[in-house]
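Before any comments, here is the structure.
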There are 2 protein chains.
Amino acid sequence: MTSERNIPHEAEEPCMPDEELLYDLADLFKVFSDTTRIKILYALFDTPRSVNAIAEAIGATQSAVSHQLRILKQARLVRFDRDGRSLIYSLADDHVHTMLAQGMNHICE
Amino acid sequence: MTSERNIPHEAEEPCMPDEELLYDLADLFKVFSDTTRIKILYALFDTPRSVNAIAEAIGATQSAVSHQLRILKQARLVRFDRDGRSLIYSLADDHVHTMLAQGMNHICE
DNA sequence: TGATTATATGAACGTATGCTCATATGTCAA
DNA sequence: TTGACATATGAGCATACGTTCATATAATCA
């Protein structure tokens, strides 16, 4: 019993991350869990757009889009540059593409 | 203007999937967006467990775990086999590992 | 079969979430 | 500076979600 400690036959927590990390992970997925935000991300998939352009592209209110962009910004999923009076939003990095692709992958198999 | 149709300089929806697919995608991420469910998935990461074992491992009620397992089952993220009176749950496939890893990847970079 | 163990389910409750509407903030042009 | 356009923000509301508690269902063992 005590001689097989390197063969954890009843490992209690194989690789359970810290509580805080689990919360962060859940929060990240939570950002992807809303249709409006998913639409925004796809609208920006390969085309940077202004807030109004996003709203028009996905058929949502400017206010609703702005509210959701705030969440996407906090999650560092989108970034923006100023162009005149407009703010041009784009995807922050390739992680977004990868996450979306991975999700689609699971659904479509 | 009409001669450059294969160069969509103002593509309205570059690769926007169908509405229904977007809902499915959001729903999939929604499953990963709760701490209890994330904990369950990590508890099963490389060790199949019974419901009670999961509950004990993550410090949650049997009822709460059962409720969440129902959601994980519906999303085809976990499966189970019977062993005596117990139901032994395990991850459905490698997609779960990949999804979790991808999420962690984004957080930890 | 009857008792016991394991899991599932339903109602109820508190909280979180996303939308709309109205308005504030901010930027550019004249 | 003023007017017009672009975006952000806050309050309020309706809905969705996760937990607990009590109980139902199911399967095994004696």
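Within every chain, numbering begins at 1; the chains are lettered A, B, ... in the order of the sequence lines, protein sequences first and strands thereafter. Only a predicted model underlies this, so the values are computations on that prediction, with no experimental measurement involved.
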Is the phosphate of C/dC19 approached by A/Q68 (side-chain N or O, under 4.0 Å from OP1 or OP2)? yes

Examine D/dT7: is either OP1 or OP2 under 4.0 Å from a nitrogen or oxygen in the side chain of A/R70? Give yes or no. no

Between atom CZ in A/F32 and atom P in C/dG18, what is the gap in whole Å? 14 Å

Are any side-chain N or O atoms of A/D18 and backbone N or O atoms of A/E20, one a donor and one an acceptor, separated by less than 3.5 Å? no

Choosing from D/dT28, C/dC19, D/dT19, which nucleotide comes nearest the side chain of B/R82? D/dT28

Any side-chain N or O of B/T61 under 4.0 Å from OP1/OP2 of D/dT20? yes

B/F29 and B/F32: ring pair (Phe, Tyr, Trp, His ring centres under 6.0 Å), yes or no, with the steps? CA-CA 5 Å; B/F29 284 118; B/F32 286 91; 7.4 Å; no

Interatomic distance where CG belongs to B/D81 and C1' belongs to D/dA27 [whole Å]: 16 Å

Closer than 4.0 Å, any side-chain N/O of B/T36 to the OP1 or OP2 of D/dG18? no

Let's test your reading of the model: under 3.5 Å, does the base of D/dC21 pair with the side chain of B/S63 as donor and acceptor? yes

Can you check whether any acceptor in the base of C/dA6 is under 3.5 Å from a donor in the side chain of B/Q62, or vice versa? no

Looking across every strand, which nucleic acid part, if any, lies under 4.0 Å from A/F80 by heavy atom: base, sugar-phosphate, or nothing? nothing

What is the distance, to the nearest angstrom, from the CG atom on A/D34 to the C1' atom on D/dC17? 14 Å

Measure the distance from CG on B/L69 to C1' on D/dT19 and round it to the nearest whole Å. 15 Å

Between A/I71 and A/R85, which is nearer to the 5' end of DNA chain C once each is assigned its nearest nucleotide? A/I71

Rounded to whole Å, the CZ-C1' distance (A/R37 to C/dC19) equals 12 Å

Indicate the atoms forming the closest heavy-atom contact of B/M104 with A/L25, along with that distance. N-CD1, 3.6 Å

Return no unless some side-chain N or O of B/K73 is found under 4.0 Å from OP1 or OP2 of C/dA8. yes

Whole Å only: how far is the CG atom of A/D83 from the P atom of C/dA29? 11 Å

Mutual orientation of the aromatic rings belonging to B/H95 and A/H106 [parallel < 30°, tilted 30-60°, perpendicular > 60°]: perpendicular

Determine whether the aromatic ring of A/H67 stacks with the base of D/dT9, defined as ring centroids separated by less than 5.5 Å and ring planes inclined by less than 30°. yes

Which nucleotide in D/dC17, D/dA8, D/dA6 has an atom nearest any side-chain atom of A/N52: D/dA6

Would you mind reading off the distance between B/I54 atom CD1 and C/dA8 atom P, rounded to a whole angstrom? 9 Å

Of the listed nucleotides C/dT7, D/dT7, D/dT28, the one nearest the side chain of A/Y89: D/dT7

Between D/dA8 atom P and A/L87 atom CG, what is the distance in whole Å? 5 Å

Scan B/S66 against the nucleic acid and name what it touches under 4.0 Å (heavy atoms): base, sugar-phosphate only, or nothing. base

Looking only at side-chain N and O atoms, does A/K30 come under 4.0 Å of OP1 or OP2 in D/dC17? no

Contact summary for A/V31 and A/A75, nearest pair of heavy atoms: CG2-CB, 3.8 Å

Answer yes or no: is there a side-chain heavy-atom contact under 4.5 Å between B/Y89 and B/R49? no

